[in-house]
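Here the structure comes first, spelled out in structure tokens, and everything after it is commentary.
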Amino acid sequence: MKFGNWLKENGACKEGFNAHSHQTEQEFWNTCNRGDWMLWVAQRKYGTNGWPDHLAFVKIACIVGRRSLIHCRENDKAVCEAAYDTAEKFIESQTEENRNAANSAAYAAAYAAAANAYYTAAYAAYAASAAANAASYSANAASYASYAAAYASYAAAYAAYAAAYDEASYSAYTAAYYEEKKIQADIIRQKWPKVGA
């Protein structure tokens, strides 16, 4: 199936369809400047030849989600970093001890997010919680892992947006949001340079 037809059948947004419907899968992957769009496609391609698996999604959730932490206050970072650390540790060694640690860290990050009125920190903590929770699931939990990666992408972009808000310029914080999406796209491409069959 042509990539444009696939985008249409899977309900791609109008902007994304217009930008990429004329391309092949790999051309889209090579040129897309939206990390969230790349993750959207990868989530729906999960399990097909050449597309990332559960643990690959968790890895990218950790890498992308950590980017939100540069915009957090110092006292908000520890719980998020712990969640990412335990998720990554579980990816490297899938023991029951590491699974339990990831579960505990996910719970702590979710609790911190729910209690935090500072939105940048709250989004960052939710993303960290999702990543740690996704890591502790079985390798068949594709939907949860891809959700974690997508949420991490959103959290990092929102953090960049919120940090630029101090400039009191809509164009400034909108630019920061899309610049972060572009950075994410480059990170994802570096980890997954080739996709599809």
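Every value quoted in this text rests on a predicted model; they were computed, and no experiment measured them.
- Salt-bridge annotation for Arg99 and Glu96: present, with a side-chain N of the basic residue lying under 4.0 Å from a carboxylate O of the acidic one.
- No continuous path of ILVMFWY side-chain contacts below 4.5 Å connects Val64 to Val79, so the two sit in separate hydrophobic clusters.
- Scanning both residues, Arg66 and Glu88, for their nearest heavy atoms gives NH2-OE1, 2.9 Å.
- Taking 4.0 Å as the cut-off between side-chain N and carboxylate O, Asp186 and Lys182 count as a salt-bridged pair.
- The nearest pair of heavy atoms linking Ala61 to Ala152 is O-CB, 3.3 Å.
- Side chain of Asn30 to main chain of Gln26: a donor-acceptor pair is present (N/O by atom type, distance under 3.5 Å, no hydrogens or angles).
- Judged by distance alone, the side chain of Ser129 and the main-chain N or O of Ala125 form no donor-acceptor pair under 3.5 Å.
- Once rounded to the nearest 0.5 Å, the distance linking CZ of Arg67 with CD of Glu180 reads 4.0 Å.
- Between Gln184 atom CD and Leu39 atom CG the span is 7.5 Å, to the nearest 0.5 Å.
- Ring centroid separation for the pair Phe57 and Trp51 does not come in under the 6.0 Å cut-off.
- In this structure, NZ on Lys181 lies 3.5 Å from CG on Asp36, to the nearest 0.5 angstrom.
- Atom-to-atom distance recorded for Ser68:OG and Tyr84:OH is 5.0 Å, nearest 0.5 angstrom.
- From His22, atom NE2 reaches atom CG of Leu7 across 11.0 Å, with rounding to the nearest 0.5 Å.
- Looking at Trp37 and Glu15, their side chains come closer than 4.5 Å, going by heavy atoms from C-beta outward.
- Nearest heavy-atom pair, Ile187 versus Ile63, reported as atom, atom and distance to 0.1 Å: CG2-CG2, 3.5 Å.
- Judged by distance alone, the side chain of Thr86 and the main-chain N or O of Ala83 form a donor-acceptor pair under 3.5 Å.
- Other residues, nucleotides and ligands contribute more than 12 heavy atoms inside 6.0 Å of the NZ atom of Lys77.
- Between Asp53 and Lys59, none of the side-chain N atoms (NZ, or NE/NH1/NH2) sits under 4.0 Å from a carboxylate O, so this pair counts as no salt bridge.
- To the nearest 0.5 Å, atom NZ of residue Lys45 and atom CH2 of residue Trp40 are 10.0 Å apart.
- In this structure a side-chain-to-backbone donor-acceptor pair under 3.5 Å is missing from Asn133 to Ala106.
- For the pair Trp192 and Ile60, the minimum side-chain heavy-atom distance is below 4.5 Å.
- A distance-only check finds no donor-acceptor pair linking the side chain of Ser21 to the backbone of Asn18 [under 3.5 Å].
- Residues forming a side-chain hydrogen bond (donor to acceptor under 3.5 Å, both in side chains) with Asn5 (at least two apart in sequence, or on another chain): none.
- Of the candidates His20, Glu25, Glu27, His20 is the only one forming a side chain to side chain donor-acceptor pair (under 3.5 Å) with Gln23.
- Residues Tyr178 and Asn33 have side chains not in contact (no heavy-atom distance under 4.5 Å, counting atoms from C-beta outward).
- Side-chain contact between Trp6 and Val41 is present, with at least one heavy-atom pair separated by less than 4.5 Å.
- Remark: the backbone N or O of Cys32 is paired with a side-chain donor or acceptor of Arg189 at under 3.5 angstrom.
- When all heavy atoms of Ala87 and Ala132 are compared, the closest pair comes out as CB-CA, 3.7 Å.
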